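Below is one structure, written out as structure tokens; comments come after it.
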Amino acid sequence: SPDAKLTRGMVATVLYRMSGETTGVAADAAKTFSDVAANQWYAAAVDWAADNGIVSGYQGKFSPNANITRQDMVTMLYRYAQYKKADTSKTADIATFGDAASVSAYAADAMKWAVGDGVMSGRSGNLLAPKAQMSRAEFAKMVSNYLA
């Protein structure tokens, strides 16, 4: 299902598996986020991601089943790269994109890195589409670009 929407729980799980870590504790995720039950398939991954500063949630919730936006995914991948001690200093001026002003402040550094490092190139019409939902195919391409 490459065109299916990507959820926040899916992204946390992929990054968790990419890391090779096994330190996440499902019960701890349930304590951290009121909407992450310990019996969910993504719970240990969400706990690991929270413990390592990759996710922070909002008002005590993680929204694991919500479709992820492009800026949230890039922010999680940026924080993952920092967690892995990758070089995140290569950035680009995103002001050249027609919708650069719609990038949220918390995601600005991550977007600059993603464009500068070649992880993300934007959508047609010279748009970053930061608040657009991501497909699984887009995510796979961005992860592939990150790992290249």
Side-chain angles (χ1 to χ4, degrees), residues 1-19 21 24 28-37 40-148:
S1 298
D3 295 323
K5 297 299 180 200
L6 188 71
T7 68
R8 294 171 53 80
M10 287 176 188
V11 173
T13 300
V14 169
L15 297 178
Y16 177 61
R17 290 177 180 167
M18 279 174 38
S19 75
E21 295 288 342
D28 288 349
K31 291 177 193 171
T32 303
F33 300 111
S34 62
D35 59 348
V36 177
Q40 294 299 310
W41 57 270
Y42 48 75
V46 170
D47 177 60
W48 165 84
D51 286 350
N52 290 290
I54 296 165
V55 301
S56 57
Y58 181 72
Q59 295 182 340
K61 293 186 177 188
F62 179 67
S63 301
N65 297 312
N67 294 334
I68 197 164
T69 63
R70 290 166 55 87
Q71 71 181 1
D72 283 355
M73 191 290 302
V74 165
T75 299
M76 288 173 68
L77 188 58
Y78 176 66
R79 292 174 181 165
Y80 174 81
Q82 291 174 322
Y83 160 78
K84 295 298 280 182
K85 300 190 181 353
D87 181 8
T88 57
S89 64
K90 188 174 183 182
T91 61
D93 180 8
I94 60 172
T96 60
F97 290 90
D99 59 351
S102 65
V103 174
S104 298
Y106 72 86
D109 288 342
M111 282 290 202
K112 291 173 187 174
W113 164 76
V115 172
D117 200 51
V119 171
M120 171 187 264
S121 59
R123 285 188 172 170
S124 62
N126 195 38
L127 300 174
L128 287 170
K131 294 179 173 75
Q133 296 174 353
M134 289 196 68
S135 70
R136 292 167 54 140
E138 282 181 300
F139 179 63
K141 176 64 176 161
M142 288 183 193
V143 169
S144 176
N145 290 347
Y146 167 73
L147 294 172

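Everything quoted here is computed from the prediction, not taken from an experiment.
Across all their heavy atoms, V36 and A29 have their closest contact at CG1-CB, 3.8 Å. When all heavy atoms of P2 and S135 are compared, the closest pair comes out as O-CB, 3.5 Å. Heavy atoms only, all atoms of each residue included: M120 and L128 are closest at SD-CD2, 4.1 Å. In terms of heavy-atom proximity, T13 sits nearest to A45 at CA-CB, 3.6 Å. Contact detail for S56 and F33: the closest heavy-atom pair is O-CE2, 3.5 Å. Taking both residues in full, the closest heavy atoms of T69 and K131 are given as CG2-O, 3.6 Å, listed atom of the first, atom of the second, then distance.
Inter-residue side-chain proximity for E138 and M73 is flagged as unmet; no heavy-atom pair is nearer than 4.5 Å. K61 is listed as a side-chain neighbour of S34, based on a closest heavy-atom distance under 4.5 Å. Residues Q40 and P64 fail the side-chain proximity criterion, which asks for heavy atoms closer than 4.5 Å. Residues Y106 and D72 are in side-chain contact: their nearest non-hydrogen atoms beyond the backbone lie under 4.5 Å apart. Between Y42 and N65, some side-chain heavy-atom pair lies under the 4.5 Å cut-off. Looking at heavy atoms from C-beta onward, I68 lies out of side-chain contact with T7 at the 4.5 angstrom threshold. Residues F139 and M10 are not in side-chain contact: their nearest non-hydrogen atoms beyond the backbone lie 4.5 Å or more apart. M18 is listed as a side-chain neighbour of L147, based on a closest heavy-atom distance under 4.5 Å.
Of the candidates K84, E21, M76, M76 is the only one forming a side chain to side chain contact (heavy atoms under 4.5 Å, CB included) with L15.
Here the straight-line distance linking atom CZ of R70 with atom OG1 of T75 works out to 12.0 Å at 0.5 Å rounding. Here S89 contributes atom OG and D117 contributes atom CG; the two are 8.5 Å apart, rounded to the nearest 0.5 Å. In this structure, CE on M111 lies 5.5 Å from CD on Q71, to the nearest 0.5 angstrom.
Classification of the W48-Y83 ring pair by plane angle, with boundaries at 30° and 60°, yields perpendicular. Between Y146 and W113, the ring-plane angle classifies as perpendicular under the 30° and 60° cut-offs.
The list of salt bridge (Lys or Arg N to Asp or Glu O under 4.0 Å) pairs with a residue in residues 93-114, not counting sequence neighbours, is empty.
Dense packing is recorded around NZ of K5, with more than 12 heavy atoms of other residues, nucleotides or ligands lying under 6.0 Å away. By the neighbour-count criterion of 12 heavy atoms within 6.0 Å, atom CZ of R17 is sparsely surrounded, having that number or fewer from other residues, nucleotides or ligands.
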(message) Would S63 and Y58 count as a side chain to side chain contact (heavy atoms under 4.5 Å, CB included) here? Give the steps.
(response) CA-CA 9 Å; S63 301; Y58 181 72; over 6 Å; no

(message) Go through it in stages, so that I can follow the logic: the residues are L6 and V11, the test is side chain to side chain contact (heavy atoms under 4.5 Å, CB included), and I'd like the CA-CA distance, side-chain angles, deciding distance and then a yes or no.
(response) CA-CA 7 Å; L6 188 71; V11 173; 3.3 Å; yes

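In summary, the side chains of Y16 and D47 do not present any donor paired with an acceptor at a separation below 3.5 Å, with no hydrogens or angles considered.
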